[in-house]
S.K.: 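My questions will all concern the structure given below.
Treat the numbers as computed from the prediction; the structure is a model and nothing was measured.
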Amino acid sequence: MGTVVRNGLGPMITDRLERPLGSLRVSVTDRCNLRCRYCMPEQDYVWLPKQSILTFEEIARLVGIFTALGVEKVRLTGGEPLLRHDLPTLTRMLAGNPRIRDLALTTNGLLLAKQAEALKQAGLGRVTVSLDTLRPERMRELARSDKHSDVLDGIAAACAAGFRLKLNTVVMRGVNDDELVSLIEFGHRHRAEVRFIEYMDVGGATGWSAEQVFSQREILARLSAHFGTITAVTERVDSSAPAERFRLPDGTTFGIVASTTAPFCRSCDRSRLTADGTWFLCLYAERGIELREPLRNGATDAELSDLIAATWRGRTDRGAEQRLGMANRTPLFQVEGLRADPHREMHTRGG
Ligand code: SAM
């Protein structure tokens with residue numbers, strides 16, 4: 001653990017398991033315009049107070065401190081990030097930070113058609129769209145929305161704007177596991193790499209059960225039964241990407257994020273900043289570190305930097321691995337616990 005200086009680059013802060021402070025997910029709002037069964041299944045929610053939401057200037061300042069400590073990858077997320085008014089302005093502010101090597105966005109795509117071009121102009125590098133089904137009626141049931149065509153329009157607009165796209169699919173047994181082949185084919189047509197995500201027992205997933213998890217092994221079996229032999233793509237040794245990537249016989253690649261059955265805690269370099277400035281070191285962490293209070297109470301950049309660096313150096317989190325070791329795994333939180341502290345919600349922590 002400590003600080004290592006990289007060739008020609010800034011410092012690299014590492015935690016107790018030698019994991020660098022490498023990537024930061026910035027949630028810009030806890031609000032969402034979908035109600036996905038695996039994330040926001042309830043009828044109503046406790047939202048973060050408006051006055052606690054960081055301004056763009058506050059976000060850019062904190063991101064600047066994180067990048068000075070070694071963060072090179074920043075992903076804007078939420079809730080639904082495109083619900084935040086004028087996201088291209090924040091994007092432009094962050095794109096002006098030369099330490100950010102990879103500036104990305106995760107969105108459900110509903111509002112992407114209108115904003116794709118402005119985001120591209122603002123300097124956004126990559127877009128990931130969540131797409132759990134190709135069937136509008138299924139989306140109605142899974143996400144309580146009849147706007148499937150808006151998502152498809154958003155994907156088309158992002159392609160037209162010249163973005164490299166990824167598509168995220170949370171696979172749930174008996175819900176959408178029959179669409180793996182068609183999703184791969186859809187991705188192929190849009191030159192977008194599909195990433196299948198195992199259903200995780202994160203905060204918000206109050207209906208989670210182990211039986212509904214369609215595992216990496218099953219995903220591979222299903223796809224190879226259709227496409228033939230699948231080979232693993234060898235990643236760079238220093239890759240901390242959560243998805244394991246695979247190649248079909250025709251060269252099409254896809255990823256699987258096996259956080260539930262094969263966690264990648266040992267190489268996890270990501271942390272999360274909520275829209276109200278709470279910093280989480282692990283998706284499964286019980287609590288986060290308040291950065292908004294010192295920020296608004298006049299802390300200097302050096303003081304905030306010291307707080308962040310000291311916290312990261314002490315990090316030991318291995319949340320997903322610990323969950324895997326549990327005998328009778330049930331949802332991480334019950335509804336009452338989520339209502340008592342909305343910071344426990346996935347839509348607040350940012351996926
Ligand atoms: N609204 C945006 C979107 O839909 O992409 C960004 C926020 S969403 C919380 C980010 C990611 O978290 C999505 O890809 C979503 O599928 C994933 N996610 C949410 N709950 C999950 C769960 N229980 N298991 C696995 N992935 C989940």
S.K.: Ile184 versus Phe196: any side-chain heavy-atom pair under 4.5 Å?
M.R.: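 Side-chain contact under 4.5 Å: yes.
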S.K.: Which pairs pass salt bridge (charged side-chain N to carboxylate O under 4.0 Å, His left out) with one or both residues in residues 57-66, sequence neighbours excluded?
M.R.: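 Every pair satisfying salt bridge (charged side-chain N to carboxylate O under 4.0 Å, His left out) with a residue in residues 57-66: Glu58-Arg296, Arg61-Asp301.
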S.K.: Does a side-chain N-to-carboxylate-O contact under 4.0 Å join Arg339 and Asp44?
M.R.: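 The answer is yes: the pair qualifies as a salt bridge.
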S.K.: Ignoring hydrogens and angles, tell me if any N or O in the side chain of Arg344 forms a donor-acceptor pair with the backbone of Phe333 under 3.5 Å.
M.R.: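 Side chain of Arg344 to backbone of Phe333, a donor-acceptor pair under 3.5 Å: no, none is there.
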S.K.: Quick one: pull up NE2 in His347 and OG in Ser27 and give me the separation to the nearest 0.5 Å.
M.R.: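 Atom-to-atom, His347:NE2 and Ser27:OG are 9.0 Å apart.
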S.K.: Flag the pair Phe186 / Leu131 as yes when at least one side-chain heavy-atom distance between them is below 4.5 Å, and no otherwise.
M.R.: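 Yes; the side chains approach each other to less than 4.5 Å.
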S.K.: Below 4.5 Å, heavy atoms only, C-beta onward: do Phe66 and Asn97 meet side chain to side chain?
M.R.: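 Side chain of Phe66 against side chain of Asn97, heavy atoms only: no contact under 4.5 Å found.
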S.K.: Can you check whether Ile230 reaches Leu248 side chain to side chain, under 4.5 Å on heavy atoms?
M.R.: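 With C-beta onward as the side chain, the pair touches.
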S.K.: Mind listing the closest non-hydrogen atom pair of Glu218 and Val213 along with its distance?
M.R.: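 Closest pair (atom of Glu218, atom of Val213, distance): OE1-O, 3.7 Å.
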S.K.: Would a distance-only check, ignoring hydrogens and angles, find a side-chain to backbone donor-acceptor pair under 3.5 Å from Thr348 to Pro342?
M.R.: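 Yes, because the side chain of Thr348 sits within donor-acceptor range (under 3.5 Å) of the backbone of Pro342.
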S.K.: Any side-chain heavy-atom pair from Phe163 and Leu124 closer than 4.5 angstrom?
M.R.: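 They are in side-chain contact.
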S.K.: Just so I know, are the side chains of Val181 and Leu223 near enough to count as touching, which here means a heavy-atom distance under 4.5 Å?
M.R.: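 A side-chain contact exists here, since the closest heavy-atom pair is under 4.5 Å.
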S.K.: Could you state the interatomic distance from CZ (Arg270) to CZ (Arg25), rounded to the nearest 0.5 Å?
M.R.: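 Here the interatomic distance stands at 5.5 Å.
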S.K.: For Leu76 and Pro81, work out which heavy atoms get closest and say how close.
M.R.: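 For Leu76 and Pro81, the tightest heavy-atom pair comes out as O-CG, 4.2 Å.
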S.K.: Apply salt bridge (charged side-chain N to carboxylate O under 4.0 Å, His left out) to the pair Arg138 and Asp178, showing each step before the final yes or no.
M.R.: CA-CA 12 Å; Arg138 194 168 266 182; Asp178 55 347; 2.6 Å; yes
S.K.: Let me confirm one number: the CD1-CZ distance from Ile219 to Phe214, rounded to the nearest 0.5 Å.
M.R.: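 The CZ atom of Phe214 is 6.5 Å from CD1 of Ile219, to the nearest 0.5 Å.
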S.K.: When you look at Asn176 and Met172, which way does the side-chain contact (heavy atoms from CB on, under 4.5 Å) test go after all the steps?
M.R.: CA-CA 6 Å; Asn176 61 349; Met172 295 174 77; 4.1 Å; yes
S.K.: What's the shortest heavy-atom distance between Gly228 and Pro249, and which atoms?
M.R.: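 Smallest heavy-atom distance, with atoms named: C-CG, 4.0 Å.
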S.K.: Is it the case that Glu179 and Thr133 place a side-chain donor and acceptor less than 3.5 Å from each other?
M.R.: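 Yes - a donor-acceptor pair under 3.5 Å links their side chains.
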S.K.: When you compare the side chains of Thr106 and Arg75, does any donor N or O come within less than 3.5 Å of an acceptor on the partner?
M.R.: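 Yes, side-chain donor-acceptor contact under 3.5 Å.
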S.K.: Nearest 0.5 Å, please: how far is CZ in Phe254 from CZ in Phe227?
M.R.: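 Going from CZ on Phe227 over to CZ on Phe254, the span is 8.5 Å.
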S.K.: Measure across Arg195 and Asn168 and return the closest heavy-atom pair with its distance rounded to 0.1 Å.
M.R.: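 What the structure gives for the nearest pair is NE-OD1, 3.3 Å.
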S.K.: What heavy-atom pair brings Arg144 and Glu42 nearest, and what distance separates the two atoms?
M.R.: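 Answer, listing the atom of Arg144 first, then Glu42: NH2-O, 3.1 Å.
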S.K.: Would you say the side chain of Thr89 lies within less than 4.5 Å of the side chain of Met93, judging by non-hydrogen atoms?
M.R.: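 Side-chain contact under 4.5 Å: yes.
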S.K.: In terms of heavy-atom contacts, does CZ of Arg164 have more than 12 from other residues, nucleotides or ligands at under 6.0 Å?
M.R.: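 Atom CZ in Arg164 is not packed in, count stays at 12 or less.
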S.K.: Say whether, by atom type as modelled, one donor and one acceptor occur between the side chain of Arg173 and the main chain of Glu211 under 3.5 angstrom.
M.R.: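 Yes.
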S.K.: Please check: side-chain N/O of Arg272 versus main-chain N/O of Gly350, any donor-acceptor pairing under 3.5 Å?
M.R.: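 Judged by distance alone, yes, a pair lies under 3.5 Å.
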S.K.: Within the distance-only criterion (no hydrogens, no angle test), does the side chain of Gln115 pair as donor or acceptor with the backbone N or O of Leu82 below 3.5 angstrom?
M.R.: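 Yes, the answer is positive, given that a donor and an acceptor are paired below the 3.5 Å cut-off.
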S.K.: Atom CG of Leu54 and atom OG1 of Thr274: how far apart are they, to the nearest 0.5 Å?
M.R.: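 Here the rounded value is 7.0 Å.
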S.K.: Kindly indicate, with the supporting measurements, whether the criterion side-chain contact (heavy atoms from CB on, under 4.5 Å) is fulfilled by Leu283 and Arg323.
M.R.: CA-CA 11 Å; Leu283 204 43; Arg323 297 291 297 168; over 6 Å; no
S.K.: Are Val202 and Val257 connected in a single hydrophobic cluster, I mean Ile/Leu/Val/Met/Phe/Trp/Tyr linked by side-chain heavy atoms less than 4.5 Å apart?
M.R.: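 Result: no, two separate clusters.
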S.K.: Would Glu185 and Leu134 satisfy side-chain contact (heavy atoms from CB on, under 4.5 Å), going step by step from the backbone distance to the final call?
M.R.: CA-CA 11 Å; Glu185 289 168 348; Leu134 294 169; over 6 Å; no
S.K.: Which atoms form the tightest heavy-atom contact between Leu94 and Ile100, and what is the distance?
M.R.: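 Taking Leu94 first and Ile100 second, the nearest heavy atoms are O-CD1, 3.6 Å.
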S.K.: Would a 4.5 Å heavy-atom cut-off, applied to side chains only, mark Tyr38 and Val175 as touching?
M.R.: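 No; the side chains remain at least 4.5 Å from each other.
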S.K.: Just by modelled atom types, is the Phe280 backbone N or O under 3.5 Å from a matching donor or acceptor in the Arg349 side chain?
M.R.: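 Such a contact is absent between Arg349 side chain and Phe280 backbone.
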S.K.: Identify the residue among Thr29, Asn108, Asn33 that makes a side chain to side chain donor-acceptor pair (under 3.5 Å) with Glu80.
M.R.: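 With Glu80 as partner, side chain to side chain donor-acceptor pair (under 3.5 Å) holds for just one option, Asn108.
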S.K.: With a 3.5 Å distance limit and no angle check, can you tell me whether Ser271 reaches the backbone of Leu24 through a side-chain donor-acceptor pair?
M.R.: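 Pair absent, no side-chain N/O of Ser271 close to backbone of Leu24.
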S.K.: Within the supplied structure, the quantity of interest is the number of heavy atoms (other residues, nucleotides, ligands) at a distance under 6.0 Å from His190 NE2; does it exceed 12?
M.R.: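 Correct, the count exceeds 12.
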S.K.: Using modelled atom types and a 3.5 Å cut-off, is there a donor and acceptor pairing between side-chain atoms of Gln216 and backbone atoms of Ala258?
M.R.: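 No, because the side chain of Gln216 does not come within donor-acceptor range (under 3.5 Å) of the backbone of Ala258.
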S.K.: Does Lys147 NZ have over 12 foreign heavy atoms under 6.0 Å away?
M.R.: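 Counting neighbours around NZ of Lys147, 12 or fewer heavy atoms of other residues, nucleotides or ligands fall under 6.0 Å, so no.
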S.K.: Verify the neighbour count for atom CD of Glu141: are there more than 12 heavy atoms of other residues, nucleotides or ligands below 6.0 Å?
M.R.: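 Incorrect, the count does not exceed 12.
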S.K.: Is there a path from Leu183 to Val151 through hydrophobic residues (I, L, V, M, F, W, Y) whose side chains come within less than 4.5 Å of each other?
M.R.: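 Result: yes, single cluster for both.
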S.K.: Any chain of hydrophobic side-chain contacts (each under 4.5 Å) joining Leu111 to Leu105?
M.R.: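 Leu111 and Leu105: one cluster.
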S.K.: Are side-chain N/O atoms of Asp30 and Tyr45 paired as donor and acceptor at under 3.5 Å?
M.R.: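 Result is no, nothing qualifies.
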S.K.: To the nearest 0.5 angstrom, please state how far the CG atom of Leu119 sits from the CZ atom of Arg92.
M.R.: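 CZ of Arg92 is found 9.5 Å from CG of Leu119.
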S.K.: Applying the 4.5 Å side-chain criterion to the ILVMFWY set and letting contacts propagate, would Ile13 and Val26 be lumped into a single cluster?
M.R.: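 They do share one cluster, since a chain of ILVMFWY contacts under 4.5 Å joins Ile13 to Val26.
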S.K.: Does any donor atom in the side chain of Tyr284 or Asp201 lie under 3.5 Å from an acceptor atom in the other side chain?
M.R.: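 Indeed, the side chains of Tyr284 and Asp201 share at least one donor-acceptor pair under 3.5 Å.
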S.K.: Would Leu324 end up clustered with Met346 when hydrophobic side chains under 4.5 Å apart are linked, directly or stepwise?
M.R.: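 No.
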S.K.: Using only atom types and a distance under 3.5 Å, with no angle test, would you say the side chain of Arg266 pairs donor to acceptor with the backbone of Pro263?
M.R.: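 Checked: no pair found.
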S.K.: Does Arg292 reach the main-chain N or O of Asp276 with its side chain, forming a donor-acceptor pair under 3.5 Å?
M.R.: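 Pair found, side chain donor or acceptor close to backbone of Asp276.
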S.K.: After noting the C-alpha distance and the side-chain angles of Leu90 and Leu87, does the key distance pass the side-chain contact (heavy atoms from CB on, under 4.5 Å) rule?
M.R.: CA-CA 5 Å; Leu90 174 65; Leu87 196 68; 4.2 Å; yes
